[in-house]
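All residue numbers in this chain count up from 1 along the given sequence.
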Amino acid sequence: MKAGFEMWDYIVFIAYAILILGVGLWVSRDKKGHQKNAEDYFLASKSLPWWAIGTSLIAANISAEQFIGMSGSGFALGIAIASYEWMAALTLIIVGKYFLPIFIEKGLYTIPEFVEKRFSTNLKTILAVFWLGLYIFVNLASVLYLGGLAIETIMGVDMMYAIIGLALFAAAYSLYGGLSAVAWTDVIQVVFLVLGGLVTTYLALNTVSGGEGMLAGFSKVLDAAPEKFHMILDESNDNYVNLPGIWVLVGGLWVANLYYWGFNQYIIQRTLAAKSLKESQKGILLAAFLKLIIPLIVVIPGIAAYVMVNDPAIMANLGEAGMLNVPSAGQADKAYPWLLQFLPTGLKGVAFAALAAAIVSSLASMLNSTSTIFTMDIYKQYINKNADDKTTVNVGRISAAVALIIAVIVAPLLGGIDQAFQFIQEYTGIVSPGILAVFILGLFYKKTTNNAAIWGAILSIPIALALKFIPIAVFEPWMHQMGITAVLTLIIIMVMSNIQNKGKDDSKGIDFGTDLFKTTPLFNLGSIAVCILVTVLYCLFW
């Protein structure tokens with residue numbers, strides 16, 4: 001087995017790159033006699049079918065954080081990290097049934113735009129600035145860093161050059177084409193992502209079994225590392241701080257999931273671009289089913305790598321290549337890139353294309369959403385209220401380019417972070433509870449006032465920081481901190497709203513009938529199936 005790329009690997013990867021760029025630029029072209037307007041660029045002309053929405057949601061979500069970061073967490077703590085994926089499937093059902101109908105009815109471009117309609121321009125601007133900072137300095141930078149780490153590990157390319165290459169690849173079609181280019185290329189990206197991920201899983205388990213196949217390999221992994229197959233961790237487990245047992249099911253992880261899937265611009269934007277609400281809900285349902293299989297391609301390889309590293313006989317058979325960039329307890333994020341070294345020629349190119357697809361599709365989605373928020377919520381609000389469509393689209397492209405340049409500069413500074421997936425979740429969790437509280441009450445509690453929402457969003461951050469640094473054992477798991485912060489923020493906003501309006505409904509409270517939340521039989525049956533499958537998975541790996 002050779003550690004580097006060979007000719008067929010390069011051919012496969014180059015073919016993938018040409019395909020993505022070709023499709024991206026093809027769908028980006030302006031129709032004859034029609035100049036791209038804001039709806040075309042930011043919402044793909046509101047023409048996306050359900051299957052494009054579902055695959056694009058997954059492509060936007062699955063990135064280097066999952067392939068590398070979640071595999072690293074699989075190596076370090078096991079199948080328990082799959083809670084993020086399986087509970088996300090349930091969260092998507094909630095978003096599709098209760099959040100999307102309101103967002104689509106109001107014809108939104110951005111999530112901050114909802115805040116303006118429900119509360120005020122001031123609160124919208126506060127949240128828009130927050131999201132711009134989060135996307136550029138946390139999301140874009142971390143995806144570029146983890147992608148650069150993978151390329152450096154697999155191909156030996158200097159990390160800085162790898163980061164620049166990924167940035168240019170994502171920019172090549174997303175800056176020009178907008179959401180339409182991002183969403184349609186995502187359909188192809190997901191095919192590479194799933195097939196390449198399954199190839200890596202198969203080869204890893206086949207190696208563990210000594211060539212006896214994937215099922216035999218899985219059985220051996222179960223026997224060799226049974227401690228890695230517990231969804232609910234005991235308090236004695238070293239990783240309880242990151243995944244605090246039963247509280248993962250009933251506590252703070254709901255805050256992270258509802259915030260991410262319900263009120264995150266680069267996720268929710270493709271659902272706003274649907275042909276109709278029913279089409280959007282079908283896309284959500286497809287994404288929920290896809291989330292159930294993601295741990296197979298991102299978590300199981302990490303556990304297999306753990307078994308391989310701790311089995312002298314397997315390591316001896318891997319030869320010199322097995323000694324390069326070996327993952328360890330302190331460098332768990334090397335697990336997935338390390339596994340890719342052992343794939344046969346050609347398949348290594350496919351698996352690497354899958355990883356690149358995950359990285360580039362997420363970068364493109366984040367760039368498009370960053371430019372949408374800046375252009376629609378900052379530029380058109382404060383700089384040029386009368387900007388025409390041509391100017392709006394050009395500003396979107398320029399702002400995306402500037403965001404990408406900043407992220408490229410910041411990305412190398414993230415070096416030294418282990419289990420990056422957990423790191424990102426933990427520090428996003430400082431601000432997400434307050435935002436979630438503002439949105440949940442803004443949607444469903446008519447008494448919520450603008451002043452109460454602003455104070456709730458502001459106070460949630462010192463509350464989260466206080467809980468993080470108070471030396472009390474019960475507050476140590478950061479999911480507890482997130483859940484408690486969300487509850488306290490909800491209470492603060494509700495109490496302040498009732499004091500301010502003396503118990504009366506706010507003038508901007510949302511009126512809706514129960515008919516708004518009626519869903520099709522297909523959505524209902526699909527939702528029941530997802531709930532049953534998640535229950536079965538938790539019973540199997542409790």
Side-chain angles (χ1 to χ4, degrees), residues 38 42-43 98-135 255 258-259 262-269 272 369-387 392 395-396 399 430-464 485-512 516:
F42 297 115
L43 289 182
Y98 295 108
F99 297 175
L100 274 189
I102 299 173
F103 291 159
I104 289 178
E105 184 190 49
K106 291 190 171 295
L108 302 181
Y109 275 83
T110 69
I111 290 297
E113 188 182 351
F114 167 78
V115 176
E116 181 175 43
K117 290 183 176 182
R118 175 60 180 87
F119 295 114
S120 68
T121 301
N122 289 339
L123 184 55
K124 179 193 81 167
T125 304
I126 291 170
L127 293 184
V129 170
F130 154 72
W131 267 306
L132 288 174
L134 183 68
Y135 289 161
V255 176
L258 287 169
Y259 160 77
F263 310 115
N264 187 344
Q265 178 67 26
Y266 79 82
I267 291 297
I268 210 73
Q269 188 164 345
L272 301 179
S369 293
T370 301
S371 69
T372 303
I373 289 177
F374 177 81
T375 305
M376 306 304 291
D377 297 320
I378 304 295
Y379 180 78
K380 288 200 75 172
Q381 180 73 46
Y382 296 104
I383 301 171
N384 186 356
K385 291 184 178 181
N386 300 314
T392 301
V395 168
S399 60
I430 291 175
V431 289
S432 58
I435 293 172
L436 177 67
V438 168
F439 274 96
I440 291 293
L441 293 177
L443 284 169
F444 302 113
Y445 189 62
K446 292 182 184 179
K447 294 180 174 62
T448 309
T449 65
N450 174 57
N451 286 341
I454 290 175
W455 276 107
I458 292 171
L459 291 174
S460 69
I461 294 177
I463 290 172
T485 301
V487 170
L488 290 177
T489 307
L490 286 167
I491 292 170
I492 288 170
I493 295 174
M494 292 173 73
V495 169
M496 289 186 67
S497 296
N498 277 283
I499 291 172
Q500 185 179 350
N501 268 4
K502 298 179 181 178
K504 297 177 182 177
D505 289 348
D506 187 71
S507 60
K508 289 189 174 182
I510 298 175
D511 287 311
F512 48 77
L516 186 64

(request) Would you check if Phe99 and Ile440 make a side-chain contact, meaning some heavy-atom pair closer than 4.5 Å? (result) yes
(message) Can you tell me if Tyr98 has over 12 outside heavy atoms packed within less than 6.0 Å of its OH?
(response) no
(request) Look at Asp506 together with Lys447 and state whether they make a salt bridge at an N to O cut-off of under 4.0 Å. (result) no
(message) Rounded to the nearest 0.5 Å, what separates atom OG in Ser432 from atom CG in Asn264?
(response) 10.0 Å
(message) Within this structure, what is the CD1-CD1 distance for the pair Ile111 and Ile435, rounded to the nearest 0.5 Å?
(response) 11.0 Å
(message) Any heavy-atom pair between the side chains of Phe103 and Leu443 that's under 4.5 Å?
(response) yes
(message) Using modelled atom types and a 3.5 Å cut-off, is there a donor and acceptor pairing between side-chain atoms of Thr448 and backbone atoms of Leu441?
(response) yes
(request) Report yes or no: do Thr392 and Tyr379 form a side-chain donor-acceptor pair below 3.5 Å? (result) no
(message) Nearest 0.5 angstrom please: Leu127 CG to Phe263 CZ, how far?
(response) 11.5 Å
(request) Would you indicate whether the side-chain heavy atoms of Lys508 and Phe119 approach each other to under 4.5 Å? (result) no
(request) Give a yes or no on whether the backbone of Glu113 and the side-chain of Lys124 come within a donor-acceptor separation of less than 3.5 Å. (result) no
(request) Decide yes or no on side chain to side chain contact (heavy atoms under 4.5 Å, CB included) for Met496 and Thr449, but give the supporting numbers first. (result) CA-CA 8 Å; Met496 289 186 67; Thr449 65; 5.8 Å; no
(message) Ignoring hydrogens, what is the shortest heavy-atom contact between Gly396 and Ser371? Give both atom names and the distance.
(response) O-CB, 3.0 Å
(request) Check whether any side-chain N or O of Asn384 sits under 3.5 Å from a backbone N or O of Lys380 as a donor-acceptor pair, and report yes or no. (result) no
(request) Please tell me if the side chains of Ile510 and Lys446 come closer than 4.5 Å, counting only heavy atoms from C-beta onward. (result) no
(request) Might you point out which heavy atoms bring Gly456 and Ile493 nearest each other, and give the distance in Å? (result) CA-CG1, 3.7 Å
(request) Could you tell me which non-hydrogen atom of Leu123 sits nearest to which non-hydrogen atom of Ala453, and how far apart they are? (result) CD2-CB, 3.7 Å
(request) Provide the closest heavy-atom pair for Ala464 versus Ile430 in the form atom of the first, atom of the second, distance. (result) CB-O, 3.5 Å
(request) Indicate yes or no: at least one non-hydrogen side-chain atom of Phe130 is less than 4.5 angstrom from one of Ile461. (result) no
(request) Just say parallel, tilted or perpendicular for the rings of Phe439 and Trp131, cut-offs at 30° and 60°. (result) tilted
(message) If I compare all heavy atoms of Pro433 with all of Val255, which pair ends up nearest, and what's the gap?
(response) CA-CG1, 3.8 Å
(request) Grab the two heavy atoms, one from Ser497 and one from Ala452, that are nearest each other, plus how far apart they are. (result) OG-CB, 3.2 Å
(request) Look up atom CD1 in Ile499 and atom CG in Asn451, then write down how far apart they are to the nearest 0.5 Å. (result) 12.5 Å
(request) Check the pair Val395 / Phe374 against side chain to side chain contact (heavy atoms under 4.5 Å, CB included), numbers first and verdict last. (result) CA-CA 9 Å; Val395 168; Phe374 177 81; 4.0 Å; yes
(message) Just verifying a value: how many Å separate Thr121 OG1 and Asn450 CG, rounded to the nearest 0.5 Å?
(response) 9.0 Å
(message) I'd like to know whether NZ of Lys117 has more than 12 heavy-atom contacts from other residues, nucleotides or ligands below 6.0 angstrom.
(response) yes
(request) Check step by step if side chain to side chain contact (heavy atoms under 4.5 Å, CB included) holds for Val487 and Ile491. (result) CA-CA 6 Å; Val487 170; Ile491 292 170; 4.0 Å; yes
(request) Determine whether Ile268 and Leu100 make a side-chain contact, defined as any pair of heavy atoms from C-beta on separated by less than 4.5 Å. (result) yes
(message) What's the separation between atom CG in Leu132 and atom CG in Asp377, rounded to the nearest 0.5 Å?
(response) 8.5 Å
(message) Tell me if a side-chain donor or acceptor on Ser460 pairs with a main-chain N or O of Thr489 at a distance below 3.5 Å.
(response) no
